[in-house]
Amino acid sequence: MCVAMVVTVVSVMTGFLDMLKNSGRQIVGDVIVSSGIAGLPYSDEFLVDLKGLKDVQGATPLIDTIGLLRMPYPRGNQKEVTHVQVWAVDPISLATVTDYANDLYWKPAENAAAALAMAEDDPRKNLSEKILTDGKTLIQSKTGNPGIALGIHVSIGNERQRDGSYRPRYGWFMPENDVTLTVVPVSSQGKIAEPREQIFPVVNEVQTGIYEVDHNRIYIPLKEGQRLLRLDEAPLYDLNAEPDAQGRYPVIGKTPARVTKILVRAKQGVSANSLRAQVEIAYASFSKRINADLTRNAVMPDYVNVLTWEQQLRDLIAPVEKEREMMRVLFSLIYLVCAGLILSIFWSIVVEKTRDIGILRSVGASRLGVMWIFLRYGLVIGVLGSALGVLLAWLVVRNINAIHEAIGSDAPPTIWIGSFVLTGFFAIGLLYSIWRGKLLRILLWLLATLVMGLIATFLALHHGTLIWDPSVYYFTSVPDQVDWITAWTTAIGGVVFSVIGAAIPASKAADIDPVEALRYG
């Protein structure tokens, strides 16, 4: 039971961590190149270099900033304003690096069978294909205006159901509304410019699977983000020349558009660390080439951050990893319980079998031979117990969603009625034992009656307990894969501590004097 408990808990925690890592990698790619607020110029040329690397599957530019989003609710003039993380992206190339296109939530059912499986009040049953197209392009097809995609939890108008799906509430279906985005441009010198705002129609909403992202992030077209943040292509004026009659300085060129990040996706089988090294070399070469070109009107930053997705999301992943390790440490204390149980049981056996041990010693058994008998006994118990524990954990973890569904449903009447019938049978046994006056039987039948009565009452009153609520834990199902590394190490630990627990009584047995044992046994 100890082994089963450890393996089950750690396997579920490992499943959480794997889900988080898989979701995290799908939203940022494998490698992230980022600069300061001044941004990276000539990103389109650098993207060409990146896509030319043999291990790169795709690359996409974006601007990452913060902003304020004015929502369409409540009705009236006082609208709610929420703080958001703004990603200005090229949605087409973003879909080659991340799961953006697949993460769009509002889309029509893929086929008739999928539509039939949806609840009657699910809006996706009657959606047009245009809502998916608009989300993929961030363009509202009806007007041709640039659109915005919100994280599914940015708006209070989305209510997560127990099955993990969403329904509009309060009458707010966001893809039918407009929002106002306000951002503040910041110069390369750190000076804040006049805030800028723009009204965007909501074209779709995004569910990445990570609540912190879906609660804060919004997506707008890259060109709109560059314009709002003054990172777009702009005229370059000669401030050392004399202005004309209208006070305008002569134009001597253009400053290139800029982005703050570039996300890169590795090809299948290529590690993020390997790709990171290639991207660093590619940037150093590209930066040297651009800065050596005297015709350029901007220079590349001397230093940029090139991180793998795990390094980028360390603040998100590290706490879950620490929680898992903490659970491993805490549940590993169960080993001491195992050793203590074996020690106490074997100690009692040695005391009870003192005379038998004396007989064995008197007919020629060595001290090591006596000790090996008890050690072997502990070893067999450890191996069998650990094997059964791993098997039990495997059965529980593999069927954990079915178990959870059963716990979350009402108990079938046949179960609790049968439990009451069994309680009645135990009560008859109790009355018979009282009539016969057998105290031990009375106690046993009394305990059986009370326990079964409590179980029957609980089942009768049980109306479903949803332990794993997707609206709280976000993932729609409980992880059901066994962490086999943990399983085998736990099993080995169970065997080792069983032998350790048996070692002390075994040593006591080996030290028994045969004469004293035969005399006083």
Side-chain angles (χ1 to χ4, degrees), residues 1-28 153 160 164 208-216 271-273 307-343 382 385-404 407-408 465-501:
M1 291 301 296
C2 293
V3 170
M5 187 182 300
V6 173
V7 175
T8 300
V9 172
V10 176
S11 291
V12 172
M13 289 294 295
T14 300
F16 290 155
L17 184 60
D18 290 342
M19 283 182 174
L20 182 61
K21 286 184 175 181
N22 290 335
S23 297
R25 183 169 178 256
Q26 294 304 320
I27 63 174
V28 295
H153 284 286
R160 189 174 175 86
T208 65
I210 298 179
Y211 182 80
E212 287 302 317
V213 173
D214 294 342
H215 182 65
N216 294 297
S271 70
N273 287 320
L307 304 175
T308 66
W309 65 274
E310 288 184 290
Q311 293 170 328
Q312 181 75 15
L313 300 177
R314 193 63 190 164
D315 292 341
L316 193 63
I317 296 173
V320 181
E321 289 180 330
K322 290 179 180 178
E323 288 174 10
R324 182 184 64 171
E325 297 310 314
M326 182 181 66
M327 295 297 290
R328 277 181 173 157
V329 171
L330 291 178
F331 276 90
S332 294
L333 296 176
I334 291 177
Y335 291 141
L336 300 179
V337 177
C338 294
L341 287 173
I342 296 293
L343 188 152
S386 296
L388 291 174
V390 171
L391 177 62
L392 178 59
W394 177 80
L395 290 173
V396 171
V397 173
R398 292 297 295 172
N399 297 282
I400 196 167
N401 285 288
I403 295 171
H404 176 259
I407 295 173
T465 302
L466 190 65
I467 300 173
W468 180 267
D469 188 349
S471 64
V472 177
Y473 293 101
Y474 204 71
F475 296 114
T476 56
S477 61
V478 187
D480 60 359
Q481 298 297 318
V482 175
D483 183 349
W484 287 110
I485 295 178
T486 296
W488 295 125
T489 54
T490 303
I492 292 171
V495 173
V496 170
F497 276 85
S498 293
V499 173
I500 291 174

Problem - Under 3.5 Å: donor-acceptor pair, side chain of D214, backbone of T208 - result: yes

Exercise for the section: Of all the heavy-atom pairs spanning T486 and D483, show the shortest one and how long it is. Expected result: OG1-OD2, 2.8 Å

Exercise for the section: Only counting residues at least two apart or in another chain, list the ones meeting side-chain contact (heavy atoms from CB on, under 4.5 Å) with A272. Expected result: D30, T308, W309

Problem - Interatomic distance, I27 atom CD1 to Q312 atom CD [nearest 0.5 angstrom] - result: 9.5 Å

Handout entry: Minimum heavy-atom distance between S498 and I342, given as atom pair plus value
Key = O-CG2, 3.5 Å

Handout entry: Gap separating the CD1 atom of I500 from the CG atom of L336, nearest 0.5 angstrom
Key = 9.5 Å

Practice task
Determine the minimum heavy-atom distance between H153 and H215, stating which atoms define it.
Solution key: O-ND1, 3.4 Å

Tabulate below the donor-acceptor pairs under 3.5 Å that side-chain atoms of residues 386-399 make, not counting sequence neighbours, or state none.
| from | atom 1 | to | atom 2 | distance (Å) |
| --- | --- | --- | --- | --- |
| S386 | OG | G382 | O | 2.8 |
| S386 | OG | A491 | O | 3.1 |
| R398 | NH1 | D480 | O | 3.4 |
| R398 | NH1 | Q481 | OE1 | 3.4 |
| N399 | ND2 | L395 | O | 2.7 |

Exercise for the section: Check whether more than 12 heavy atoms from other residues, nucleotides or ligands sit under 6.0 Å from atom CH2 of W488, and answer yes or no. Expected result: no

Handout entry: Non-neighbouring partners of R314 that pass salt bridge (charged side-chain N to carboxylate O under 4.0 Å, His left out), sequence neighbours left out
Key = E321

